[in-house]
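Numbering starts at 1 and runs along the sequence shown. Note that these values count all heavy atoms, side chains included, but never hydrogens, waters or copies made by symmetry.
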Amino acid sequence: MTPETPPNRLDRPVDERYDHVLGPADAEITLVEYGSYGDPSSRAAHERVAELRNRFGSRLRYVFRHRPLKGSFIARRAAELVEAYSDPARFWNVHVALMNRSDKLSKEDLQKIAADLSLDAEDGDSVNNDNVAQAKARVNADIASAAASGVIVTPTFFINDRRYDGPWDVNSLSEAMLGSLGHVVHSAALDFAKWAPSTGIMLLLATGIAVILSNSVIGPDFNELWDLRLGLTFAAASFDLSLRDWINDGLLVIFFLVVGLEIKREFTIGHLANRQSAMLPVAAAVGGMAVPAILYLILVPEGPPGSSGAWSLGWGVPMATDTAFAVALIAMMGRRVPVELRVFLTAAAIVDDIGAIIVVAVVYSANLHIEYIASAVAIIGLLALLNEGGVYRASPYVFLGIGLWTCVHASGMHATLAGIILALFIPTRPPPNLRALMLQADAILTAETKRGREVMRYGPSEPALEALDAIHDRLESPADRMLRHVAPRSSFLVLPVFALANAGVVMDSSVFSGHVALMVGTAAALVIGKPIGFIAATAIAVWLNIATKPSAYSWRQLAGAGALAGIGFTMSLFIASQAFSVESDYAAAKIAIFAGSTLSAIIGIAILWNAQSDSNSR
């Protein structure tokens, strides 16, 4: 469950009649800065802005908006002082004077500037009460605009309405403003990745491609591609898997590593850190797994004659929830759905995924080999020793994780279990003392700046870079860092590739022959079993006072989330690939998963679309 990312677009466009603007209105580049007069960084950036204005000339329009340092009376007073005069020339004169003062702005600085510019900083003749009130309102409006635009630090720049998150040096800003190919591609990729429905769209696109190619003239070749054997051979020993198995047993480990890291974070410092908060999504997940499985066993026969009860093994298929699709649909509904409901559904889906992988490991494992299980246990012991010993480098865990995957795969258990186990041992650390680290970094950079003027010296020294690296490492725990780096690769590479390899199904009438009961039972378990399980389990948990339902969403909205939980897709396809060894059974299960997931999405959206009035009427 990744944290909410701040918006990266300007909340309101530049208004020539309201904003403080330098440069022509029709300039091709608009640079908006949210800055503070009490901030040394903003004053340093002021020099860069001057260089940019000289470099770009009439091509650049510069806009300044206030975002005084929080808790700084001087910064707030300076912003109100400069806003107390409506004349644009006066504004820019005071602005430049404030930006060129000493590193630490003081009340005496304000008085000196006011005297130099024939202004009374306190209560002079030219500043009446109306001006003062308007100045305060203007600063408040800019502060609100900064918050709505995702401004966290000062200065923050927006280039043509889009937040710029790169370095503040002139060359980097110039490349961003000129829109170099690398910057444009990077910015577009970041925009798409930060868009909540992006993961669901990637999955949908990969699924569509798989279905289209499977039913095209190259369908047989496309499906045979995934059966291609790949592996290693050394002397008489060899290790090879089909391309589909490398994806399902190997690449998907990354997805379960992310799931494990997310659930670990949520149960330690996240939304599930206390019992009352955790029990509601946990109860929903348990009910959302149990009821669909029971309904499947009731509706689906054991299988056709001679199948030895093969269909009954598919009870795990409707247990799963596809987090990407479910959360993407909630995100696309925007303010119609409370953020708390998205948190609840995501937490329930994560617990659901843990339950699904446990079911796969226990139920769908092959013949077990004790010697490899013993080897896996030994590696787990080494991971525990590294964790307890305070080893915070990722490389030993990755190395042992590869060995763990090999042993778990050879043991007969499903190899993806290794991802969950590894996540449990990736270490966390107590929160750092940010103030101490920032002071240390500032001292290093200040010293390096002074030494930078020495002859034959280019850039920071190696000891300084090593110290800054150590500070950077301490800002984030290894588990959080790994989650931040691996989660996007899981969402935008692992899951789409999995869908491409597994979602392809030939739409042939023969698939329906003899499989109607299997398909109807699977789809019904997703569409009906999931919301019933969600609602029943959460209602019982609340009734028994085990959990508390937040007042931010209603029972009707919770039912809508339960319907969206019926979108099985990724995990349902994964479990189906383990449960059904007969190709026709697997193809029928795929179609049922597609149908059940689609119907669940439609029902969930229909319930939630107009449920806001229901929540407001409580």
Side-chain angles (χ1 to χ4, degrees), residues 1-3 259-298 315-316 318-323 326-327 330 337-359 361-363 420 423-424 428 525-568 571 600 603-604 607-608 611 614-618:
M1 189 184 346
T2 54
V259 170
L261 290 172
E262 286 183 332
I263 199 72
K264 182 177 181 179
R265 182 182 65 188
E266 293 306 318
F267 275 101
T268 52
I269 61 171
H271 297 94
L272 308 180
N274 63 75
R275 190 183 70 85
Q276 287 291 89
S277 298
M279 287 310 298
L280 194 69
V282 169
V286 172
M289 289 187 288
V291 175
I294 294 170
L295 188 59
Y296 176 94
L297 291 173
I298 292 172
W315 58 267
M319 292 175 60
T321 295
D322 192 290
T323 312
V327 175
I330 278 187
V337 179
V339 174
E340 291 83 357
L341 188 65
R342 188 198 301 192
V343 170
F344 163 80
L345 180 57
T346 309
I350 291 173
V351 177
D352 197 304
D353 286 336
I354 296 291
I357 192 60
I358 291 174
V359 168
V362 174
V363 178
I420 297 291
L424 297 177
T428 57
L526 285 169
V527 176
I528 300 172
K530 272 291 184 181
I532 290 178
F534 252 59
I535 291 292
T538 52
I540 292 171
V542 171
W543 180 62
L544 294 176
N545 204 28
I546 297 173
T548 302
K549 186 186 78 64
S551 60
Y553 52 84
S554 66
W555 285 104
R556 179 182 174 185
Q557 288 173 317
L558 197 145
L564 291 180
I567 305 174
M571 285 305 302
S600 293
I603 294 172
I607 293 173
L608 290 173
D614 180 49
S615 64
N616 289 338
S617 64
R618 288 188 303 273

- Note on the structure: Heavy-atom closest pair (Ser600 atom, Ile567 atom, distance to 0.1 Å) is CB-N, 3.9 Å
Can you give the donor-acceptor pairs under 3.5 Å from side chains of residues 525-536 to other protein atoms, not counting sequence neighbours?
| from | atom 1 | to | atom 2 | distance (Å) |
| --- | --- | --- | --- | --- |
| Lys530 | NZ | Gly288 | O | 2.9 |
| Lys530 | NZ | Met319 | O | 2.6 |
| Lys530 | NZ | Thr321 | OG1 | 3.2 |
| Lys530 | NZ | Asp352 | OD2 | 2.6 |

- Sub-4.5 Å side-chain heavy-atom contact between Gln557 and Val337: no
- Query: What is the minimum heavy-atom distance between Gly260 and Ile420, and which atoms define it?
  - Reply: N-CD1, 4.0 Å
- Scanning both residues in full, the closest heavy-atom pair of Lys549 with Ser554 reads NZ-CA, 4.0 Å
- Minimum heavy-atom distance Leu424-Lys264, with the two atoms named: O-NZ, 3.2 Å
- Message: On a heavy-atom basis, which atom in Ala356 and which in Met571 lie closest, and how many Å separate them?
- Response: CB-CE, 3.7 Å
- Shortest non-hydrogen pair, Ala537 vs Gly287, comes out as CB-CA, 3.7 Å
- salt bridge (charged side-chain N to carboxylate O under 4.0 Å, His left out): pairs with one or both residues in residues 283-294, sequence neighbours excluded: none
- Note on the structure: OG1 (Thr346) and CG (Leu341) are apart, to the nearest 0.5 Å, by 9.0 Å
- Task: Can you measure from CD (Glu262) to CD1 (Ile354) and round to the nearest 0.5 angstrom?
- Result: 9.5 Å
- Note on the structure: The reported gap from CD1 in Ile330 to CG in Leu345 (rounded to nearest 0.5 angstrom) is 4.5 Å
- Task: Could you tell me whether the side chain of Val542 reaches within less than 4.5 Å of the side chain of Leu280, counting heavy atoms only?
- Result: yes
